[in-house]
Amino acid sequence: MAVRIVPALPVAVVILAAGRSSRMGNGEDHKLLATFDGVPLIRKSVLNALACQCSRVYVVTGYRHDDVFQAISDLPVEVVLNEDYASGMAASLRLGVARAQKDRPEGIMIALADMPAITDTHLDMLIDAFRRNGGAHMVRAVANGTPGNPVILPHFLQDAIQDLNGDVGARRLIDGHEMPRVDVEIGEAALIDVDTVDELHAAGGVLAG
């Protein structure tokens, strides 16, 4: 296995993959196991993260952990199990960020596992912006100026994640603080997620069945 070289101002990636896919309809289909070009969405998201210029990748699982884990078990990532996934996204954020902080990255990228249009190039655009600004700014992806995902949290925001509760993401924290920030235009990929069957099909996905 190739040795990953950790660059100056390392950025870790935390992929949130614990949700219940509650809007998929029948309660059985899991969007992260749907395939895009024959690859499960969770695996596609992890492979993109591994291909970018990050220092390490963490995946927070919860709902159907065994199935999600099986799709990525051969990849060099650390899986963090959120047993409290039913309480909402904040629990996954807290766990993932706390684990990533132990390895002392300068920035922590929060990525959602259900965004099939995101590529490693997009992730590198965010990381490059973070490094160009000396790691002192929050960085977020935007589409024509509209805030989206992923985002990179610098040191001064990481501890505050532990104050989040319920079904809220990092946006609650970001919108509630005046802070230096950099918006990186990556196009519609910053907004495309697949919460419903129609959205999944429109993005090119096929349910695993």
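All heavy atoms count here, side chains included; hydrogens, waters and symmetry mates do not. The shown structure was predicted, so the numbers you read here are calculated from the model rather than taken from an experiment.
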Participant: For the CD atom of Q158 and the CD atom of E106, what is their distance to the nearest 0.5 Å?
Facilitator: 8.5 Å
Participant: CE/M115 to CD1/I15 distance, rounded to the nearest 0.5 angstrom?
Facilitator: 12.5 Å
Participant: If you round to the nearest 0.5 Å, how far is NZ of K102 from CZ of R56?
Facilitator: 11.5 Å
Participant: Take atom CD in E185; do more than 12 heavy atoms of anything else shown fall under 6.0 Å from it?
Facilitator: yes
Participant: Return each pair, listed once, that meets ring pair (Phe, Tyr, Trp, His ring centres under 6.0 Å) where at least one residue sits in residues 103-130; pairs must be two or more places apart or across chains.
Facilitator: none
Participant: Please check this pair: side chain of N133 against backbone of G135, looking for a donor-acceptor N/O pair closer than 3.5 Å.
Facilitator: no
Participant: Check each of L153, I110, V14 against I161 using the side-chain contact (heavy atoms from CB on, under 4.5 Å) test, and report the only one that passes.
Facilitator: L153
Participant: What pairs with Y58 under side-chain hydrogen bond (donor to acceptor under 3.5 Å, both in side chains), at least two apart in sequence or on another chain?
Facilitator: D103
Participant: Going by atom types only, do T121 and D124 share a side-chain donor-acceptor pair under 3.5 Å?
Facilitator: no
Participant: Looking only at heavy atoms, what is the nearest atom pair of I118 and A189, with distance?
Facilitator: CD1-O, 3.5 Å
Participant: Are I127 and I152 close enough, and set up right, to give a side-chain contact (heavy atoms from CB on, under 4.5 Å), and what steps lead you there?
Facilitator: CA-CA 8 Å; I127 293 171; I152 300 179; 4.1 Å; yes
Participant: With a 6.0 Å cut-off (strictly less than), is the heavy-atom count around CD of Q162, excluding the residue itself, greater than 12?
Facilitator: yes
Participant: Same cluster or not: L47 versus I42, using hydrophobic residues (I, L, V, M, F, W, Y) connected whenever any side-chain heavy atoms lie under 4.5 Å apart?
Facilitator: yes
Participant: Using side-chain contact (heavy atoms from CB on, under 4.5 Å), reason through N149 and R140 one step at a time and then give a plain yes or no.
Facilitator: CA-CA 6 Å; N149 288 289; R140 65 181 176 186; over 6 Å; no
Participant: Hydrophobic clustering (ILVMFWY, side-chain heavy atoms < 4.5 Å, transitive) - are V182 and L157 grouped together?
Facilitator: yes
Participant: Quick one: pull up CG in D114 and CD1 in I192 and give me the separation to the nearest 0.5 Å.
Facilitator: 11.5 Å
Participant: Not counting sequence neighbours, list each pair that qualifies as a ring pair (Phe, Tyr, Trp, His ring centres under 6.0 Å) and has a residue in residues 69-107.
Facilitator: H65-F69
Participant: Are side-chain N/O atoms of Q53 and D128 paired as donor and acceptor at under 3.5 Å?
Facilitator: no
Participant: Thinking salt bridges, do D74 and R43 make one under a 4.0 Å N-O criterion?
Facilitator: yes
Participant: Measuring from S45:OG to D120:CG, what's the distance to the nearest 0.5 Å?
Facilitator: 12.0 Å
Participant: Could you grab the distance from atom OG of S92 to atom OH of Y63, nearest 0.5 Å is fine?
Facilitator: 14.5 Å
Participant: May I have the step-by-step check of side-chain contact (heavy atoms from CB on, under 4.5 Å) for I108 and V11, ending in yes or no?
Facilitator: CA-CA 5 Å; I108 297 177; V11 175; over 6 Å; no
Participant: Tell me, with the steps shown, if E199 and D193 meet side-chain contact (heavy atoms from CB on, under 4.5 Å).
Facilitator: CA-CA 7 Å; E199 289 172 347; D193 58 16; 4.0 Å; yes
Participant: Do L191 and F36 belong to the same hydrophobic cluster, where Ile, Leu, Val, Met, Phe, Trp and Tyr are linked whenever their side-chain heavy atoms lie under 4.5 Å apart, directly or via other members?
Facilitator: no
Participant: Can you tell me which residue among L41, T61, L81 is in a side-chain contact (heavy atoms from CB on, under 4.5 Å) with V68?
Facilitator: T61
Participant: Give a yes or no on whether the backbone of P10 and the side-chain of S55 come within a donor-acceptor separation of less than 3.5 Å.
Facilitator: no
Participant: Would you kindly confirm whether V39 and V57 end up in one hydrophobic cluster when ILVMFWY residues are joined by side chain heavy atoms under 4.5 Å apart?
Facilitator: no
Participant: Answer yes if the side chains of N48 and T119 hold a donor-acceptor pair under 3.5 Å, and no otherwise.
Facilitator: no
